[in-house]
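Note sheet for the following structure.
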There are 2 protein chains.
Amino acid sequence: MNNFAIRFPLERSSIIEMLQYYNVSPTRQRIEIAEFLFKEPQHLSADKILDGVKAEGKRVSRATVYNTMGLFVEKGMVREVLIDRERVFYDTNTDNHQHVYNVDSGELKDIYDIDINLADNMAIPDSCQVLGADIVIKVCSSPA
Amino acid sequence: MNNFAIRFPLERSSIIEMLQYYNVSPTRQRIEIAEFLFKEPQHLSADKILDGVKAEGKRVSRATVYNTMGLFVEKGMVREVLIDRERVFYDTNTDNHQHVYNVDSGELKDIYDIDINLADNMAIPDSCQVLGADIVIKVCSSPA
DNA sequence: TTGGGTGCAAACTATTTGCATTCGA
DNA sequence: TCGAATGCAAATAGTTTGCACCCAA
């Protein structure tokens with residue numbers, strides 16, 4: 001899947017390599033946005049990205065954040081995670097993993113080693129290619 | 001989970017029973033919306049519901065569709081399925097099942113007998129209760 | 001110089017809200 | 001009757017678009 005190995009935090013030189021790897025021309029704003037994103041594995045909304053980049057004293061517009069994130073998703077640099085209607089996150093971790101969402105705290109955690117077993121494999125005909133599976137396990141804070 | 005047994009299509013008398021079962025007072029609009037929804041197992045957007053109910057010659061406002069669907073979701077009568085940012089569906093099938101989404105055709109299919117195996121069960125502490133798991137397998141039409 | 005990238009503001013889409021009106025137990 | 005539900009229109013949130021400007025190859 002993702003074959004550009006990331007070791008967080010990514011510094012500027014690696015960011016530029018990464019952009020080149022994904023065929024994204026490394027403009028100032030794209031580099032600055034990517035620098036902010038790839039400091040650590042994280043789940044961010046477009047708004048948080050805009051705020052974060054600006055908080056670092058960088059100048060970038062809302063439109064550019066949306067354009068850039070759209071581009072990064074398309075190129076496979078980040079993954080889009082849908083939790084509910086008004087909670088769309090960009091996930092800087094593109095490894096094969098899934099998510100646990102705590103509806104009480106709003107916290108989103110990664111989960112690995114999840115294994116799906118399809119008894120009903122009629123559902124996916126041979127004429128189709130599986131692009132991926134998105135799994136969100138919703139939990140609440142009160143014990144079972 | 002869902003313990004009101006549905007046999008599609010539901011006629012008016014069963015609709016009213018169902019609403020009562022879920023503690024939803026059966027107003028004219030709610031009955032009409034539910035009648036439209038529970039004709040068959042289906043995945044509908046708010047807009048399609050509004051159009052559909054109106055197409056049957058019933059008078060209902062957009063706000064009421066949103067209010068009603070919000071209520072139906074809260075009460076567990078229907079399930080919300082998120083596919084992408086602008087594709088939110090209401091699913092009249094509340095049985096335990098998951099979805100296959102064809103990105104080329106836009107088609108959404110139910111899938112049963114899916115089995116998740118969590119090797120990494122650290123991810124869900126005992127202090128949490130699992131509310132459910134949403135799985136969307138994305139496929140495209142071109143063969144693998 | 002020239003085309004891609006950016007910024008701003010306006011447009012747009014889906015959804016929510018405020019409030020007056022109407023419905024229904 | 002009287003609170004709950006509804007309808008309309010305006011408001012809002014998140015995102016996209018049109019277009020002029022800018023910058024780097």
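Every heavy atom of this structure was used, including side-chain atoms; hydrogens, water molecules and symmetry mates were not. Here is the naming used below: chain letters follow the sequence lines, and residue numbers restart at 1 for every chain.
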Let me know the distance between [atom1] of [X] and [atom2] of [N], rounded to the nearest Å.
{"X": "B:R28", "N": "D:dG7", "atom1": "CZ", "atom2": "C1'", "answer": "11 Å"}
{"X": "B:I16", "N": "C:dA25", "atom1": "CD1", "atom2": "C1'", "answer": "14 Å"}
{"X": "B:K58", "N": "D:dT6", "atom1": "NZ", "atom2": "P", "answer": "14 Å"}
{"X": "A:F72", "N": "C:dG5", "atom1": "CZ", "atom2": "P", "answer": "12 Å"}
{"X": "B:R59", "N": "D:dA5", "atom1": "CZ", "atom2": "P", "answer": "17 Å"}
{"X": "B:L71", "N": "D:dT6", "atom1": "CG", "atom2": "P", "answer": "9 Å"}
{"X": "A:L50", "N": "C:dG7", "atom1": "CG", "atom2": "P", "answer": "10 Å"}
{"X": "B:L19", "N": "D:dA5", "atom1": "CG", "atom2": "P", "answer": "12 Å"}

What nucleotide, of [options], holds the atom closest to the side chain of [X]?
{"X": "B:T27", "options": "D:dG7, C:dG5, D:dA5", "result": "D:dA5"}
{"X": "A:R30", "options": "C:dG5, C:dC8, C:dG24", "result": "C:dG5"}
{"X": "A:T64", "options": "D:dT6, C:dG5, C:dG7", "result": "C:dG7"}

Task: Minimum-distance pair of heavy atoms, taken over all atoms of B:P9 and B:K39 - done: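 Closest heavy-atom pair between B:P9 and B:K39: CB-O, 3.0 Å.
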Open item on the list: Are B:V100 and B:V139 packed together at the side-chain level, in the sense that at least one heavy-atom pair is separated by less than 4.5 angstrom?
Closed with: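 Heavy-atom side-chain distance check passes, below 4.5 Å.
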Task: Any B:R59 side-chain heavy atom under 4.5 Å of B:V53 side chain - done: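 Contact flag for B:R59/B:V53 side chains = no.
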Open item on the list: Roughly what angle, to 10°, lies between the helix axis at the start of the helix from C:dT1-D:dA25 to C:dA25-D:dT1 and the one at its end, five pairs per end?
Closed with: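 Its terminal axes enclose an angle near 20°.
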Could you tell me whether the side chain of [X] and the main chain of [Y] form a donor-acceptor pair under 3.5 Å?
{"X": "B:E32", "Y": "B:K58", "answer": "no"}
{"X": "B:Q98", "Y": "B:I135", "answer": "yes"}
{"X": "B:E17", "Y": "B:F4", "answer": "no"}
{"X": "A:S14", "Y": "A:L10", "answer": "no"}

Task: B/S/- contact track for nucleotides 15-25 of chain D, protein heavy atom under 4.0 Å - done: BBB--------
TODO: Compare side-chain N and O positions of A:S25 against OP1 and OP2 of C:dG5 and report whether any pair is under 4.0 Å apart.
DONE: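 Yes.
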Open item on the list: With a 4.0 Å cutoff (strictly under), does any side-chain N or O of A:Q29 reach OP1 or OP2 of C:dG7?
Closed with: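 Checking C:dG7 against A:Q29, a side-chain N or O does come within under 4.0 Å of OP1 or OP2.
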Open item on the list: Between A:S25 and A:R30, is there a side-chain donor-acceptor contact under 3.5 Å, judged purely by atom types and distance?
Closed with: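 Yes, A:S25 and A:R30 have a side-chain donor paired with an acceptor closer than 3.5 Å.
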Task: Any residue meeting salt bridge (charged side-chain N to carboxylate O under 4.0 Å, His left out) with A:R79, in chain and number order, not counting sequence neighbours - done: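 A:R79 satisfies salt bridge (charged side-chain N to carboxylate O under 4.0 Å, His left out) with A:D134 only.
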